[in-house]
Amino acid sequence: MEFKTKPNNEGYEQIMIAIITGASSGIGYEFARQIDKKNYEEIWLIGRRFEKLQDLSEKLQTRARIFALDLCEKKSFETLKKELEISNKKIGLLINSAGMGENDYFKNTSFDDDMKTLDLNIKALTAMTKFSLDFFQKDGIILNIASSAAFIPQAKFALYAASKSYVLSFSRAVRREFKDIKISVLCPNRVETEFLKKSNNNSGGIKNLGNENLEKMVEKAVKKMGKKDLITTHPSAKILLIISKIFPHSFIMWIEKKLSMY
């Protein structure tokens, strides 16, 4: 996908910026790396770990701005909105990649971690989408990162899967409302990232059959974002999507139990 500059109201070229949340590692990090040299004036990197963001920025040819922010805190959005107002730049691409989750039974997860999962996966993504609307260039793109876990309720990963179901439903719905912004939702399978290790979702067995290569997954997503509302990049994710539409979820979860997936 080529990222072109757009003429503004005065007739000259307006070079756009890209904003990526969760850019300090994993999927967000890789998206930043792959959209480098795509004609953006700046890439705004958002994450909690300044050192990781600094390391990434030094590897990019595009000028990067670092925002070491915790998106579970409301003041982070106020900071970003103020910076957008001051910069007077237009957003060409927003990638909502920040997310968290824990692979364990709901009774075992901590209350604080559960609330942070909801805050980051749902509230932060919604807030980033909401306040950025006033700053978007016409035909700009929003890419929300969900998961194939959004297709079917996931025992032992209940809160994460439920939060990603929200992202999927929200993204597909608001795409129909937007005229000048193209929104896509990416639903990858398990990707070998730092998130996978932190979530304790690194068990072996049948789930590993659908593991995705991070670089290839992002490469495919970059080509499809904006063009499709729902993006899957692995055959097993496509199959799971079809199965979720054919069979009752209760039956699928019963099969998962028989396969010792929870």
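- Side-chain heavy atoms closer than 4.5 Å link hydrophobic residues (I, L, V, M, F, W, Y) into clusters, and following such links, possibly through other members, connects Leu168 to Ile246.
- One finds the CD1 atom of Ile46 at 10.5 Å from the OG1 atom of Thr79 (value rounded to the nearest 0.5 Å).
- Summarising the geometry of Ala161 relative to Gln154, their closest heavy-atom pair is CB-CG, 3.4 Å, with the distance given to 0.1 Å.
- Trp44 has its side chain out of reach of Ile66: every pair of non-hydrogen atoms, C-beta onward, lies at least 4.5 Å apart.
- Within the 4.5 Å cutoff, no side-chain heavy atoms of Arg190 are placed close to those of Glu212.
- Shortest non-hydrogen contact noted between Tyr160 and Met100 is CD1-O, 3.4 Å.
- Judged by distance alone, the side chains of Glu102 and Thr117 never bring a donor and an acceptor atom under 3.5 Å apart.
- A salt bridge links Arg172 and Asp229; the closest N-O separation between the charged side-chain nitrogens and carboxylate oxygens is under 4.0 Å.
- Of the candidates Ser24, Ser57, Ser25, Ser24 is the only one forming a side-chain contact (heavy atoms from CB on, under 4.5 Å) with Lys52.
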**Report entry** Derivation of the salt bridge (Lys or Arg N to Asp or Glu O under 4.0 Å) call for Lys75 and Glu78
**Finding:** CA-CA 5 Å; Lys75 63 181 180 181; Glu78 296 169 356; over 6 Å; no

Report task. Mind running side chain to side chain contact (heavy atoms under 4.5 Å, CB included) on Ile142 and Lys182 for me, showing each step along the way? Result -> CA-CA 6 Å; Ile142 298 175; Lys182 301 173 183 177; over 6 Å; no

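- When each of Ile91, Ile17, Leu80, Asn88 is paired with Phe135, the side-chain contact (heavy atoms from CB on, under 4.5 Å) condition holds for Ile91 and for no other.
- A heavy-atom distance below 4.5 Å is found between the side chains of Ser148 and Phe151.
- Interatomic distance, CG of Asp119 versus CD of Glu73, reported as 10.0 Å (0.5 Å rounding).
- Side-chain contact between Arg65 and Glu83: present, with at least one pair of heavy atoms (C-beta onward) separated by less than 4.5 Å.
- Expressed to the nearest 0.5 Å, how far CD of Glu30 lies from CD1 of Ile35 amounts to 11.0 Å.
- Under the 4.5 Å side-chain criterion, counting only non-hydrogen atoms from C-beta, Thr21 is not in contact with Ile95.
- Note on Glu219 versus Lys216: no salt bridge recorded, every NZ/NE/NH1/NH2 to OD/OE distance being 4.0 Å or above.
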Requested in this report: Let me see the working for Arg63 and Glu41 under salt bridge (Lys or Arg N to Asp or Glu O under 4.0 Å), right down to the final yes or no.
Outcome: CA-CA 7 Å; Arg63 181 166 66 247; Glu41 182 181 10; 3.4 Å; yes

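- Considering CD of Glu215 and CD of Gln34, their distance stands at 6.5 Å, rounded to 0.5 Å.
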Report task. Start with the C-alpha gap between Leu186 and Phe31, add the side-chain angles, then the distance that decides, and say whether side chain to side chain contact (heavy atoms under 4.5 Å, CB included) holds. Result -> CA-CA 12 Å; Leu186 172 62; Phe31 266 108; 4.1 Å; yes

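- Counting non-hydrogen atoms of other residues, nucleotides and ligands closer than 6.0 Å to CZ of Phe106 gives a total of 12 or fewer.
- A side-chain donor-acceptor contact under 3.5 Å links Ser132 to the backbone of Thr129.
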Requested in this report: Apply side chain to side chain donor-acceptor pair (under 3.5 Å) to Asp70 and Ser76, showing your working.
Outcome: CA-CA 6 Å; Asp70 184 349; Ser76 296; over 6 Å; no

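- Defined by atom type and a distance below 3.5 Å, a donor-acceptor pair is missing between the side-chain atoms of Glu256 and Trp254.
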Query raised in the report: Going through the distances and angles, do Cys187 and Val185 end up as a side chain to side chain contact (heavy atoms under 4.5 Å, CB included)?
Result: CA-CA 6 Å; Cys187 293; Val185 56; 4.3 Å; yes

Query raised in the report: Does the side chain to side chain donor-acceptor pair (under 3.5 Å) test come out yes or no for Thr232 and Lys238, once each step is laid out?
Result: CA-CA 6 Å; Thr232 54; Lys238 300 178 190 294; 3.1 Å; yes

**Report entry** Thr109 and Asp104: CA distance, side-chain angles, deciding distance, side chain to side chain donor-acceptor pair (under 3.5 Å) verdict
**Finding:** CA-CA 7 Å; Thr109 57; Asp104 202 348; over 6 Å; no

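- One N or O on the side chain of Asp36 and one on the backbone of Thr62 form a donor-acceptor pair closer than 3.5 Å.
- Checking side-chain atoms of Ser163 against main-chain N and O of Leu118 turns up no donor-acceptor pair under 3.5 Å.
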Query raised in the report: Between Leu84 and Lys89, is a side chain to side chain contact (heavy atoms under 4.5 Å, CB included) present by the stated rule, with each step listed?
Result: CA-CA 7 Å; Leu84 282 167; Lys89 298 181 185 301; 5.7 Å; no

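- Note that CZ of Phe157 is 7.0 Å distant from OG of Ser147, once rounded to the nearest 0.5 Å.
- Considering all non-hydrogen atoms of both residues, Met225 and Leu93 come closest at CE-CD2, 3.8 Å.
- Leu94 places a side-chain heavy atom less than 4.5 Å from the side chain of Phe136.
- To the nearest 0.5 Å, the span separating OH on Tyr40 from CD1 on Ile19 amounts to 10.5 Å.
- Judged purely by atom type and a 3.5 angstrom limit, Lys164 uses its side chain to pair as donor or acceptor with the backbone of Ile145.
- Across Ala32 and Ile43, no two heavy atoms sit closer than the pair O-CD1, 4.1 Å.
- Within a 6.0 Å sphere centred on NZ of Lys116, heavy atoms belonging to other residues, nucleotides or ligands number 12 at most.
- A side-chain donor-acceptor contact under 3.5 Å links Ser171 and Asn144.
- By the criterion of side-chain heavy atoms lying less than 4.5 angstrom apart, applied directly or through intervening Ile, Leu, Val, Met, Phe, Trp or Tyr residues, Phe67 is not grouped with Ile86; the two fall into different hydrophobic clusters.
- With sequence neighbours left out, the side-chain contact (heavy atoms from CB on, under 4.5 Å) criterion links Tyr29 to Asp55, Leu56, Lys59.
- Without hydrogens or angle criteria, Thr233 side chain to Lys220 main chain gives no donor-acceptor distance under 3.5 Å.
- No side-chain heavy atom of Ser87 sits less than 4.5 Å from a side-chain heavy atom of Glu42.
- Nearest approach of Ala146 to Pro188, heavy atoms of both residues: O-CD, 3.7 Å.
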